[in-house]
Amino acid sequence: MSVTTNELLATDVVAYLEAHERKSLLRFITCGSVDDGKSTLIGRLLYESKLVFEDHLAALEADSKKVGTQGGDLDFALLVDGLAAEREQGITIDVAYRFFATERRKFIVADTPGHEQYTRNMVTGASTAQLAVVIVDARKGVLTQTRRHSYLVSLLGIRHVVLAVNKLDLVDYSRDVFDQIEAAYRAFAAEIAIDDVVVIPISALRGDNVVEPSARTPWYTGPTFMEHLETVEIDDEVAEQPFRMPVQWVNRPDLDFRGFSGQIVGGVVRAGDRIRVVPGGHESTVARIVTFDGDLAEAVAGQSVTITLADEIDVSRGDVLVAATDPAAVADQFEAHVIWMSEEEMLPGRRCLVKLGTTVVGGTIDHPKYQINVNTFERIAAKTLALNEIGVCNVYLDRPVPFDPYRVNRDMGGFIVIDRLTNATVGAGLLHFALRRAGNVHWQAIEVDRSAHAGLKGQRPAVVWFTGISGAGKSTVANIVERKLHAAGRHTYLIDGDNLRHGLNRDLGFTTADRVENVRRTAEVAALMVDAGLIVLVSLISPYRAERQLARERIGDDDFIEVFVDTPLEVAEARDRKGLYAKARRGELPNFTGIDSPYEPPEAPDVHIRTDEVDPEHAADLVVEQLMSDRQR
Amino acid sequence: MTTTSRLTHLQRLEAESIHIMREAVAESERPVMLYSVGKDSGVMLHLARKAFFPSKPPFPLLHVDTTWKFKAMYEFRDRMAAEAGMDLLVYQNPECVRLGINPFDHGSQVHTDMWKTEGLKQALDFYGFDAAFGGARRDEEKSRAKERIFSVRSPQHRWDPKQQRPELWRVYNVRRNKGETLRVFPLSNWTELDVWQYIHHEQIPIVPLYLAAPRPVVERDGTLIMVDDDRMPLAPGEEPQLRSVRFRTLGCYPLTGAIESTAATLTDVIREMLLTTTSERQGRVIDHDASASMEKKKQEGYF
């Protein structure tokens, strides 16, 4: 805080407050490794903006002596280290948010680590940032990691970059060194479409050009680091975009008021504007823009408001109010960048949840078309994505959602991927465009439909899904069930997992990803047969709950019977009719369910058969009973 | 100048907090707002009234009481809840009531653990809340700087700093597994200065204890403690003195240090705060226990 502030404070605190209430907000991210002096730079910014209090400073002095790396000097990096475990390791392992303010601006800094586990954290930090500070060590120049950080910054849609060439004191404040680094970086930035780059020579440790211009760099005439942050024009492009407001909450205090609450993520809205509700497509006119502080004539991107419409049309959470003259596109299939954030690798084709704006929708992510090497930007062939990997994938959603391309509007094109079982956030994605494929391949209306097929056969079709480990007796029981149904005049078909692997699924192995795909295809085949009016028996290990759930959803809950053929592993292994367990134990069959690949037993199967307690004939009766009794087949 | 640069930092913070509250409410069965009567709670309550206007905030206020708050806080609490037209639930850990847990006989750590940490967990379980708003800010303390805005707690209310969900854009993952609850921090990105500026700008009422007045205090271990009632045991010869003091944070009166001040108006307080050189939480006796104490408390279920 400068002298003027203190004077103003002393004389007229109200004037001071009014001046400070007009401050703008800048959110930025800092990228660099531990060694680049990133924490030192942030620590210094906090220190210089007088946001470090005496008690913190006392703690800092004590810590500097105890664990500091700067001899007796203050180790500013210690100001920004967070959790206890990290302090001991000396690295930050997550995104930490720091705050400081000057006369002109309030700043929110997303501080992310620079070591190898960077991508997930950096992407998170960059998602809300308007500007990125990329830090390089003057002795080392533009490194692979500099390129990596800059690529991620560009991918996440940040258009303003400050390259802080740090540790200039260690190269004797050499102009040549600085010029070379600047030239190298500018050439590179142009390649990855970052157009606003400002390069500043600093020493975070000594304070050169951080807040005050340094006498040791007379050749540098540009702004100091802080000066630039305070004055950089962040042209808010979203305000120039067409109006967009995802509806968060329907506001109904009484029968007379029905408003739609949300935060505007694009453009401007005025009372009287014509809007469309997407994905539905109804149009109306904005009647009022309601806030606690009174109605507004207009509201802009960034504001949280409640909008009422002139017409009574159906609007609910997840819908987006958009400018009728320039509405958002609606689609259910996209190409997207996907950034994987989970320790468990992505399983292409597995059902997941996608949250885009305020919409949560089920869907699947396909095999990556390619993965991106974030160091070389090369496209690499990949079957899946592991933690911190980025790929381009098709995304298929259960229903159409409104969107804008990510580069046009982050809030309308950025989504998270949620695991359906753990509810963890396992990935993030950037939508680019809708796939034309589904749009052009229309469903053929078929006159002889499922009920017509079934009617002729005089039965209600169904899928009986036998799941269990190898050797549990699935096929044995399924065979008997089919025999009994056949004898009773039912039209049936038995799909055996092993048999499918000789044909339709012969390209698939036994990795988790392949197993997921194996079950998906089998479920699709079963669904076609159900359409044809058949009672389909599926005998398949199908080890994962998520895929069995997918099969259930694909067929429909009413016509899906899950039969858990339950045998203790020891019993199945003792039987070992095909000699597979012995091979697996010898290590000749990797990814064998029950040995080195997990089996997730059903939590609530429709029929539970303990084959070590019930003989196969009796077990089959239980299944037939279940199929016939409550379903009038 | 583009249209949005007309939005000030306070307007942006306000809009963000409102967005957070609406997300939490839209995707929760039984949300609740933790109301601690302090200035941050006051700002949070004010934002809640804005977020759902013209509806009343669709959740109750919950005060996890210790029976040791300042008298002025109780009066203020009841008045604010009535003004907002919201239900106020007051929860006191019955075991603490039975054992008469207090900071003098049992020490600050036991007192805080049992009344606040245990009390909060009990209250959330008792009412079956699945989401609770808290007024914590990331600038208060280093471990908070890394906590998410939507923080998932295990069925035992524990926080696992290693299992946090990444938060991108303003897309919050609000989903919970069975038994899990959410702590939601709408003020995460506010600083102490933002809070005071907002209180000033919006004229939000605050407990008078934040303003300087002559109050009876005793000095213990360099901390000024206000003698708010006759439950406070005095050492032989210890005599409360009337000194002009105010409080930077509010909690249990025996555990809350006062600072000497003559700042009797809101603007004086802000001036003093801006010129001050010690951080806000320093007045809280509980934070002094251990360097990583807050992180440990949070893992155990403290807000």
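Just so we're clear, the structure is a prediction, and the values are computed from it rather than from any experiment. Order of the sequence lines fixes the chain letters, A, B, ..., with proteins taken first and strands second; residue numbering starts at 1 for each chain.
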Scored by heavy-atom pairs under 4.5 Å with chain A, the best of B:Gln197, B:Arg22, B:Lys56 is B:Arg22
List the residues meeting salt bridge (Lys or Arg N to Asp or Glu O under 4.0 Å) with A:Arg270, not counting sequence neighbours, and say none if there are none. A:Glu298
If only atom types and distance count, is the side chain of A:Ser304 paired as donor or acceptor with the main-chain N or O of B:Ala15 below 3.5 Å? yes
Among B:Glu14, B:Glu167, B:His9, which residue has the highest count of heavy-atom pairs closer than 4.5 Å to chain A? B:His9
Smallest heavy-atom separation, A:Gly429 atom then B:Trp169 atom, equals O-CH2, 3.5 Å
Which one wins on heavy-atom pair count under 4.5 Å against chain A: B:Trp190, B:Tyr198, B:Tyr172, B:Phe53? B:Phe53
Which bit of A:Asp254 comes within less than 4.5 Å of chain B, counting heavy atoms only: side chain, backbone, both or neither? neither
Does any backbone or side-chain atom of A:Arg105 lie under 4.5 Å from a heavy atom of chain B? Answer side chain, backbone, both or neither. neither
What distance separates A:Arg98 CZ from B:Thr191 OG1, expressed to the nearest 0.5 Å? 14.0 Å
Among residues at least two apart in sequence or on other chains, which ones pass side chain to side chain donor-acceptor pair (under 3.5 Å) with B:Arg170? A:Gln263, A:Asp411
Please classify the contact of A:Val360 with chain B as side chain, backbone, both or neither, using a heavy-atom distance under 4.5 Å. side chain
Turns out that what part of B:Ser17 lies under 4.5 Å from chain A's heavy atoms comes down to neither
Roughly how far apart are B:Arg175 CZ and A:Lys355 NZ, rounded to 0.5 Å? 9.5 Å
Output the distance between atom CD (B:Glu16) and atom CD1 (A:Ile108), rounded to the nearest 0.5 Å. 6.5 Å
So for atom CG, which belongs to B:Asp221, do other residues, nucleotides or ligands contribute more than 12 heavy atoms lying within a distance under 6.0 Å? no
Exceeds 12 heavy-atom contacts within 6.0 angstrom, atom CG of B:Asp87: no
Measure the CG-CG distance between B:Leu168 and A:Leu156 for me, rounded to the nearest 0.5 Å. 7.5 Å
Residue, of A:Pro253, A:Ala126, A:Gly262, that accumulates the most heavy atom pairs under 4.5 Å with chain B: A:Pro253
Taking atom types as modelled, is there a side-chain donor on B:Gln11 or A:Gln303 under 3.5 Å from an acceptor on the other? no
Interatomic distance, CG@B:Leu193 vs NZ@A:Lys106, rounded to 0.5 Å, equals 8.0 Å
Return the option, out of A:Ser127, A:Pro246, A:Gly357, A:Ala424, with the maximum number of heavy-atom pairs under 4.5 Å with chain B. A:Ser127
Shortest non-hydrogen contact from B:Pro58 toward A:Trp249: CG-CZ2, 3.8 Å
Select one option (side chain, backbone, both, neither) describing which atoms of A:Thr124 are under 4.5 Å from chain B's heavy atoms. both
Interface residue of largest heavy-atom contact number with chain B, from A:Leu353, A:Ile418, A:Leu421, under 4.5 Å: A:Ile418
Which region of B:Glu180, side chain (C-beta onward) or backbone (N, CA, C, O), has a non-hydrogen atom less than 4.5 Å from a non-hydrogen atom of chain A, or is it both or neither? neither
For B:Asn173, the option from A:Asn423, A:Asp419, A:Thr425 that meets side-chain hydrogen bond (donor to acceptor under 3.5 Å, both in side chains): A:Thr425
Looking at B:Pro54 and A:Val290, what are the two nearest heavy atoms and their distance? CD-CG1, 4.2 Å
Is chain B contacted by the side chain of A:Tyr97, its backbone, both, or neither, given a heavy-atom distance below 4.5 Å? both
Quick one: pull up CG in B:Asn189 and OG1 in A:Thr128 and give me the separation to the nearest 0.5 Å. 8.0 Å
Top residue by heavy-atom pair count (under 4.5 Å) with chain A, among B:Arg49, B:Glu202, B:His19, B:Arg165? B:His19
